[in-house]
Amino acid sequence: MEASVSETSNQSERKEESEASGHGEDGPKSKKTALKRKSEVKTKKQKKARVSRPDYTVHQGEDMLLVISNASSQYVGSVWTSKKKGSKKRKALKGKLKKKKNQIKKRKSVCEKPKVENQPVKKDDEDRKLSETAAEDRWGQELPEEVLVNIFQLVVTQDSAVPFLCRMGRVCRLWNAAASSPVLWRRVTVGHCWIEPGKSQLPKTEAKIKNTVSWLAQNRFSQLRDFSLCHWTKHVDFTLEAVSRFCPHLRSIKLSFCKGVTLKAFQSLGLHSRRLQSINLQQSEFQVEGLMEYLERHGRQIRELLFTHGLKNDRLLAVISRGSCPDLELLEVNKRLDSKDGELPVCMQQLQMACPKLKTFRMLNVRLLHKTMRNGAVSAAGFPFLEELCIATTSYSYLTDKDLREVLFGSTKLRVLDLRGCSRISTSALAALPCPELECLFWGQYCSQLGSSSTRRGLHLLTQKWGRTLRQLDVANQPFTEEDLELAMSYLTQEAEAGTLRSLNLSGTRITPHALRSVVGQSAALDYLNLSSCRYLPRGVKKVYRGHEEIQQLLDKLE
């Protein structure tokens, strides 16, 4: 019994020792499971630490890209990226590819050129580039102000002061000072303010327009001479009042396609613009009574007057003929393209006595109706200073030989005579004019329905008289015979000098190759020749020639 007890006690002691030492039946398994649990806890903690997003900072690189960096990371320039599915497989594939690339690189020869890698730009290079760009940007600020003014003047003469100078003044202080020079603001053209179709200007927009006009008039227009306003349907009175009030040197005003000019604007011009000499109101709507009152009070200072023919505008000629503008030098009346009524009665004798200093008289697309004075008075001098007479129309004209003689009987200084559309004028009446040095003669017929298809004669009388001084000759669609044209061209080449004739229009005439060869060969300065619709010329020649090269090629073909 004692032995059995001792054995059992020994066995129990052995079990306790084995349990203590971990070598029991279940000892090793329990130890492994415990180690696994500890490792799982550790790995879980590490995974959570990797997944959790630390603090990141955002930087802007030189190439305008945003670089996201980890501020707490121990690696410089580390970038956090979210894990994606299949990242382990991709990493394994990338590792294999890198190994293959390394093996291939080792096999390559040493003489092979290495690949250029994108390396960060050094600070010295960055500073050098910044200094170069700064030096390039400073060239406009280091120029003398006088040089900038001369450069701006070249642009202003071609494209006007507005809006070019307004934009240049916003570049820097130096450019603002140059753009503010009063020399650049002597001629200003302001275009229309664009509005969407079917919409009107908002009150804020109207206030901005008025503030801009008043600011320019007060701060930029102190030396303004010539002012033009185009396509304004509102605020025309306000603009003219501001310009006349702050521009004491104003000489000319031009309103093109404008509306709403009232008596108030003309009264402001009369009060403030004492040097105003030219008024151009063509293609614009204005109050006729206001302009008539202005001419009656201040017409003595006006030298140039241009307006468009209308039903009410005929009264302006009556005011001028009464002597309101004795120093008038230029008078031009045109007609709107959409207007059907183009007849304008004019008493030439009364106009000659009222405007003896007239130099340019133009009636464009207006059918002039000659009126006689009731008392029978006739001007003894006519237009002694007249240099240009234009009574051109594309339809038909009532002007006769008698009317032409009454207008030009005293015009010995005439240089330009434009009688396009005047089919009733004869060559004998033109040859009898008292002007010995005519330079431009335009006598082409451009009406779709010509007045007469009968032949004309006597063109050689004109080329013989003015062949020495003629620079431009237009006899398009005139029914002269072949013999008359050939004789006229021969006189033209004999009388004309080598560098006189520059433009010749023979469109629709019966000019022959022989007559054309003589005039083209002798005219060295000829740079425009119109031979379209000439029946007596061969094919391939009937067209318009511009320049000496094309005319020389024509001469080679004719020979």
Side-chain angles (χ1 to χ4, degrees), residues 254 256 278-284 288 291 295 302-322 324-325 328-373 379 382-383 385-411 413-425 429-430 433 435 438 440-447 451 472 474:
K254 180 180 179 181
S256 180
S278 176
I279 299 177
N280 188 346
L281 301 174
Q282 289 183 339
Q283 308 297 332
S284 296
V288 181
L291 182 56
L295 293 178
I302 300 300
R303 302 290 184 271
E304 299 178 357
L305 181 62
L306 302 91
F307 61 93
T308 301
H309 170 65
L311 297 176
K312 297 182 180 181
N313 299 356
D314 299 344
R315 291 181 289 175
L316 293 175
L317 281 179
V319 174
I320 296 171
S321 300
R322 288 198 295 266
S324 60
C325 304
L328 193 66
E329 297 178 358
L330 186 148
L331 178 60
E332 180 176 336
V333 183
N334 65 354
K335 190 192 76 169
R336 292 185 179 180
L337 297 177
D338 56 350
S339 178
K340 296 181 180 180
D341 185 19
E343 296 182 356
L344 180 62
V346 180
C347 182
M348 285 297 174
Q349 291 84 2
Q350 190 174 2
L351 188 62
Q352 289 171 351
M353 290 187 292
C355 305
K357 298 181 181 180
L358 195 65
K359 295 181 179 180
T360 303
F361 185 32
R362 298 173 187 156
M363 293 286 179
L364 303 175
N365 279 325
V366 178
R367 291 193 294 273
L368 186 64
L369 296 178
H370 186 68
K371 291 174 59 177
T372 57
M373 296 184 67
S379 174
F383 292 120
F385 299 100
L386 192 65
E387 297 178 358
E388 178 182 349
L389 176 64
C390 176
I391 308 178
T393 177
T394 56
S395 55
Y396 59 91
S397 176
Y398 299 136
L399 194 68
T400 61
D401 293 345
K402 181 181 177 182
D403 300 333
L404 187 64
R405 284 194 298 267
E406 290 180 358
V407 174
L408 298 176
F409 72 91
S411 304
K413 298 181 180 180
L414 193 67
R415 298 289 185 273
V416 180
L417 181 59
D418 191 351
L419 300 175
R420 286 174 290 181
C422 299
S423 58
R424 300 184 180 184
I425 303 297
L430 290 174
L433 292 178
C435 45
L438 193 68
C440 302
L441 176 60
F442 303 98
W443 197 24
Q445 304 298 319
Y446 296 96
C447 180
Q472 299 182 18
D474 180 8

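The analysis underlying the following values was restricted to heavy atoms, covering all of them including side chains, and did not include hydrogens, waters or symmetry mates.
- Using modelled atom types, one side-chain atom of N365 and one backbone atom of T394 make a donor-acceptor pair closer than 3.5 Å.
- Both tests pass for R367 against the ring of Y396: distance under 6.0 Å to the centre and angle within 45° of the axis.
- Of the N and O atoms on the side chains of Q352 and E406, not one donor lies less than 3.5 Å from an acceptor on the other residue.
- The shortest side-chain heavy-atom distance between V288 and F307 does not fall under the 4.5 Å cut-off.
- Smallest separation of non-hydrogen atoms from L419 and W443: O-CD1, 3.7 Å.
- For the residue pair Q350 / S321, no side-chain donor-acceptor distance below 3.5 Å is found, with atom types taken as modelled.
- A donor-acceptor contact shorter than 3.5 Å links the side chain of S411 to the backbone of F383.
- Contact record, L438 with R415: CD1-O, 3.4 Å, taken as the closest heavy-atom pair.
- For T308, the side-chain hydrogen bond (donor to acceptor under 3.5 Å, both in side chains) criterion is met by N334, not counting sequence neighbours.
- Here the side chains of L417 and L433 are in contact, with some heavy-atom distance below 4.5 Å.
- Counting heavy atoms from C-beta on, the side chains of E332 and L364 come closer than 4.5 Å.
- Under the 4.5 Å side-chain criterion, counting only non-hydrogen atoms from C-beta, L430 is in contact with I425.
- For the pair L368 and D403, the minimum side-chain heavy-atom distance is 4.5 Å or more.
- With contacts defined as side-chain heavy-atom distances shorter than 4.5 Å, the pair V416/C390 does not qualify.
- Counting only distance, with no hydrogens or angles, the side chain of S397 and the backbone of G421 share no donor-acceptor pair below 3.5 Å.
- Within the 4.5 Å cutoff, the side chain of F361 has heavy atoms near those of the L351 side chain.
- Proximity of L358 to L331: side-chain heavy atoms (C-beta onward) are separated by under 4.5 Å at one or more points.
- With respect to R362 and E388, a salt bridge is recorded, a charged nitrogen being found less than 4.0 Å from a carboxylate O.
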